[in-house]
K.L.:
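Okay, here's the structure, questions in a sec.
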There are 2 protein chains.
Amino acid sequence: MAGIPNPATKRARIADVALEAGVARSTAALALRDSPRLRVETRLAVQQAAERLGYVYNRSAARLRSGRSYVIGMLVCEITNPFYAELTAGVQAALESAGYAVLLANTAESPVRQRRMLERFREQSVDGIIMMPATGTPASLLDELDEWGLPCVTVVRGFRRGAHAGPDNATGTRLATEHLLRLGHRDIAFLGGAARNSVSSGRWEGYARAMTASGLMPLHLPCRTDMGEASDFVATLTSAGPTALVCFNDSVAFGASLGLLRAGRQPGRDVALTGFDDIREASSWFPPLTTVRVAAVDIGIAGARILLDRIQDPSAPARRETLAPTLMVRASCGAGLRLPAARRKARTT
Amino acid sequence: MAGIPNPATKRARIADVALEAGVARSTAALALRDSPRLRVETRLAVQQAAERLGYVYNRSAARLRSGRSYVIGMLVCEITNPFYAELTAGVQAALESAGYAVLLANTAESPVRQRRMLERFREQSVDGIIMMPATGTPASLLDELDEWGLPCVTVVRGFRRGAHAGPDNATGTRLATEHLLRLGHRDIAFLGGAARNSVSSGRWEGYARAMTASGLMPLHLPCRTDMGEASDFVATLTSAGPTALVCFNDSVAFGASLGLLRAGRQPGRDVALTGFDDIREASSWFPPLTTVRVAAVDIGIAGARILLDRIQDPSAPARRETLAPTLMVRASCGAGLRLPAARRKARTT
DNA sequence: CCGCGTATTTAGATCGATCTACTACTTTGC
DNA sequence: GCAAAGTAGTAGATCGATCTAAATACGCGG
């Protein structure tokens, strides 16, 4: 009867629904959760009663009793990095369709903030954690979370142990380096990724192995992994420098190409570039960026799935998933680049 | 005594802390919330007892009784857009320092997903909502949220009414347009922002007014607001086209500059560009992007503050904050651009 | 028509905090 | 010296769901 929910009267509770449907409170609760223990008719009757009253489920109450919150805590090391933003979107979408909500915190690479947020997540009694550890996080954090009884999955970055989803970094840079070698480059340097973490070391290793396998010396050009830094750094390189750069990620490659332009050099012609991640902007860049594709969204989805399985069965061994990368060959490595100079001449004739 | 929290035994409750400290449960609760109703010594004793037991506050229980969750729901229309990513970081930081956690959902511009997530937020009994309405959201959504008793603030995008924090879009594009006019441009077009929302109309208006004030015809070049689209669109413009583009936002401006390069034209020399937002990448772009600065982070912080005030006093009238933009003059509008060609010549001498 | 197993439904305790209203004990005022 | 006011602490109800264990209904063989 009550049709329209009235803001003045209080929100309907499960007891009200039970009354309206003419069943017991516990029956109503079961019906609203679609329990097979109830007859279909009963379930339907209760659900219709709930509809009539404009009943809204109160997960806070459920959470207190059942201990399950259907909330996952997510720690992102730097949400303003487009790769992590995409990954966040992937995680969120995957968890959303499994009925979970996502508590998000940006650690901005600070282990202190990271710790504070983990504690807050614990107070909020999240069902699990999905995180990219801030640079400098000790692996012992996993033990602590374990002690807290909080299932955890690392994504992209991780530790030697523990549930994890991430790209095969070494294979990725190996593919990129081998491609450049095939194109005839010999003086190839690795740009960016100074931080000592699993991602940096993996990407460096893939590059370095490919170089030494060809009898060449690997060279590390360290710079912070953002566009501005990379741009400044590359602008200082002279024409005597490397003819090709394997960049730590796409942002660094973008920075490198802008730096080259600033120095009056043409990315893709004067210096070949490869990136890593294949973020959305990579293909529409000029020149389009040759890069290692590891769909951030897919990593997010994989991480979410591992976490959900882990929540279901916390005793199962920690699963680790390494996503195979593919090389997206575009123009920035020198193949098939249409140069502005050439175009300009063509246009004026 | 119990020193180390034992994962085998259950988590300590407030009753355990009370026992350890030799006070009543309600006293312990007050002490843990630092209530001034208690003597300092009592508070300290309880807090130390909590420390000893490794007590962790259970907000789920508190939330059930008190109705306050210290969780805010945030709806982002497109988290992979760097501007919104920065805004998200701002909101998150501001709310975090006020003791709140943020439930995040990416609507990907879908009103359906937006609605679903709002309902989920409601179930989770968030204390408030901070959102950028997906394109096509009716203003009546505000009434619904009101009926639900959920305080809400819109950021960046919004409606005619309701609490809001956002940039002064019209002033921003007016500044940019006037700057281009001062530089002698007459054939200036507005690029991007086809969607019919408050942001698009505001930015178009500022541009159009400045044009008509100078006796010029405003021209809208509609294209979707992402880098790839803008790049494709601009690549088709001929040299007979406009000499300057006021772009809807930085991403569009980036796309435009890449599109010009593809067409063999030089952004900043052949065509002047201005952006909007001043995202991190704008200053390290080549050429550095002249753009309207409205710190995304500041909008996020302003939005968070308005929401928190609104939660404190829901009966107060909805506050609206418009952040004044400033024009960041850089090279992309043609002033002080050092051209690659010139540089290249200088380097070879 | 009884007993037994299975399918449904239910009563009442429970999760862990907060809130209200009350007690006990000081202090103050006159 | 006694009421009024103030201070510090407490008992017990309460939030709204879930869980456990038990009651009831139903079907069927004998």
Side-chain angles (χ1 to χ4, degrees), chain A residues 5 9-47 49-50 53-71 99 120 122-127 149, chain B residues 5 9-47 49-50 53-71 99 120 122-127 149:
Chain A
T9 63
K10 278 187 74 176
R11 225 162 99 161
R13 297 154 304 161
I14 232 172
D16 302 320
V17 174
L19 202 68
E20 170 87 10
V23 297
R25 218 175 50 257
S26 35
T27 308
L30 288 173
L32 291 172
R33 278 178 290 156
D34 253 328
S35 162
R37 278 175 51 187
L38 258 38
R39 259 188 4 235
V40 185
E41 312 157 45
T42 315
R43 268 184 280 175
L44 235 65
V46 171
Q47 283 160 10
L53 297 180
Y55 169 73
V56 176
Y57 185 65
N58 184 334
R59 215 177 279 273
S60 304
R63 161 193 305 212
L64 175 58
R65 182 65 238 254
S66 71
R68 302 210 46 181
S69 64
Y70 285 91
V71 172
R120 192 162 294 171
R122 182 148 88 126
E123 283 188 359
Q124 294 278 6
S125 55
V126 298
D127 287 344
Chain B
T9 63
K10 278 188 73 176
R11 227 161 98 159
R13 295 154 305 162
I14 232 172
D16 302 320
V17 174
L19 202 68
E20 171 88 10
V23 297
R25 216 173 55 258
S26 35
T27 308
L30 288 173
L32 290 172
R33 278 178 291 156
D34 253 329
S35 163
R37 278 176 52 188
L38 259 36
R39 262 194 352 241
V40 185
E41 313 155 43
T42 317
R43 269 185 278 174
L44 235 65
V46 171
Q47 284 160 9
L53 296 180
Y55 169 74
V56 176
Y57 185 66
N58 184 333
R59 213 177 280 272
S60 302
R63 163 194 307 212
L64 174 58
R65 182 65 238 254
S66 71
R68 302 211 45 182
S69 63
Y70 285 91
V71 171
R120 191 162 295 170
R122 192 180 176 208
E123 283 188 359
Q124 294 277 5
S125 54
V126 298
D127 288 343

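First the proteins, then the strands, lettered A, B, ... as listed; each starts at 1. Since the model is a prediction, treat every value here as computed from it, not as a measurement.
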K.L.:
Heavy atoms under 4.0 Å, any strand shown: does Leu64(B) hit a base, just sugar-phosphate, or nothing?
P.N.:
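Here Leu64(B) touches the bases of the nucleic acid.
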
K.L.:
Under 3.5 Å, is there a donor-acceptor pair between the side chain of Gln47(A) and the main chain of Leu32(A)?
P.N.:
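Not confirmed, Gln47(A) side chain does not pair with Leu32(A) backbone.
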
K.L.:
Round to a whole Å and report the spacing from CG of Leu38(B) to C1' of dT10(D).
P.N.:
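From Leu38(B) CG to dT10(D) C1': 11 Å.
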
K.L.:
Please report the closest heavy-atom contact between Leu64(A) and Leu64(B), naming both atoms and the distance.
P.N.:
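Closest pair (atom of Leu64(A), atom of Leu64(B), distance): CD2-CD2, 3.4 Å.
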
K.L.:
Categorize Ser60(A) for me: base, sugar-phosphate, or nothing, with a 4.0 angstrom heavy-atom threshold over every strand shown.
P.N.:
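No contact at all - Ser60(A) keeps every heavy atom at 4.0 Å or more from the nucleic acid.
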
K.L.:
Across the strands shown, which category fits Ala24(A) at heavy-atom distances under 4.0 angstrom: base, sugar-phosphate, nothing?
P.N.:
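Sugar-phosphate, no base atom in range.
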
K.L.:
On DNA chain D, nearest-nucleotide positions of Thr27(B) versus Arg65(B): which is more 5'?
P.N.:
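On the 5' side of the pair lies Thr27(B).
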
K.L.:
Nearest-Å distance, CZ (Arg63(A)) to P (dC19(D))?
P.N.:
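Checked: the CZ to P distance equals 15 Å.
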
K.L.:
Any sub-3.5 Å donor-acceptor pair from Ser69(B)'s side-chain atoms to Ser125(B)'s backbone N or O?
P.N.:
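Side chain of Ser69(B) to backbone of Ser125(B): a pair is present.
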
K.L.:
Describe the nucleic acid contact of Ala29(B) in one word from base, sugar-phosphate, nothing, applying a heavy-atom distance below 4.0 Å.
P.N.:
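Base, at least one base atom sits under 4.0 Å.
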
K.L.:
From CZ of Arg39(A) over to P of dT24(D), roughly how many Å is that when rounded to an integer?
P.N.:
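Atom-to-atom, Arg39(A) to dT24(D), this comes out as 17 Å.
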
K.L.:
Using chain B heavy atoms and a threshold of under 4.0 Å, write down where along DNA chain C the contacts begin and end, 5' to 3'.
P.N.:
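From 5' to 3', the first and last contacting nucleotides are dG16(C) to dA21(C).
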
K.L.:
Taking all heavy atoms of Arg68(B) and all of Asp127(B), pick out the closest pair and write down the distance.
P.N.:
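Closest heavy-atom pair between Arg68(B) and Asp127(B): CA-OD1, 3.6 Å.
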
K.L.:
Cationic tip of Arg63(A) within the cone over Tyr70(A)'s six-membered ring, i.e. under 6.0 Å and within 45° of the normal?
P.N.:
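The answer is no, since Arg63(A) fails at least one limit relative to Tyr70(A).
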
K.L.:
When the nearest nucleotide of DNA chain C is assigned to Ser66(B) and to Arg37(A) on a heavy-atom basis, which residue is associated with the more 5' position?
P.N.:
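The residue closer to the strand's 5' end, by nearest nucleotide, is Arg37(A).
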
K.L.:
NA contact type, Arg25(A), heavy-atom cut-off 4.0 Å: base, sugar-phosphate, or nothing?
P.N.:
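Base contact.
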
K.L.:
What closest approach, in Å, do Ala49(B) and Val17(B) show between heavy atoms, and which atom pair accounts for it?
P.N.:
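Closest heavy-atom pair between Ala49(B) and Val17(B): CB-O, 4.0 Å.
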
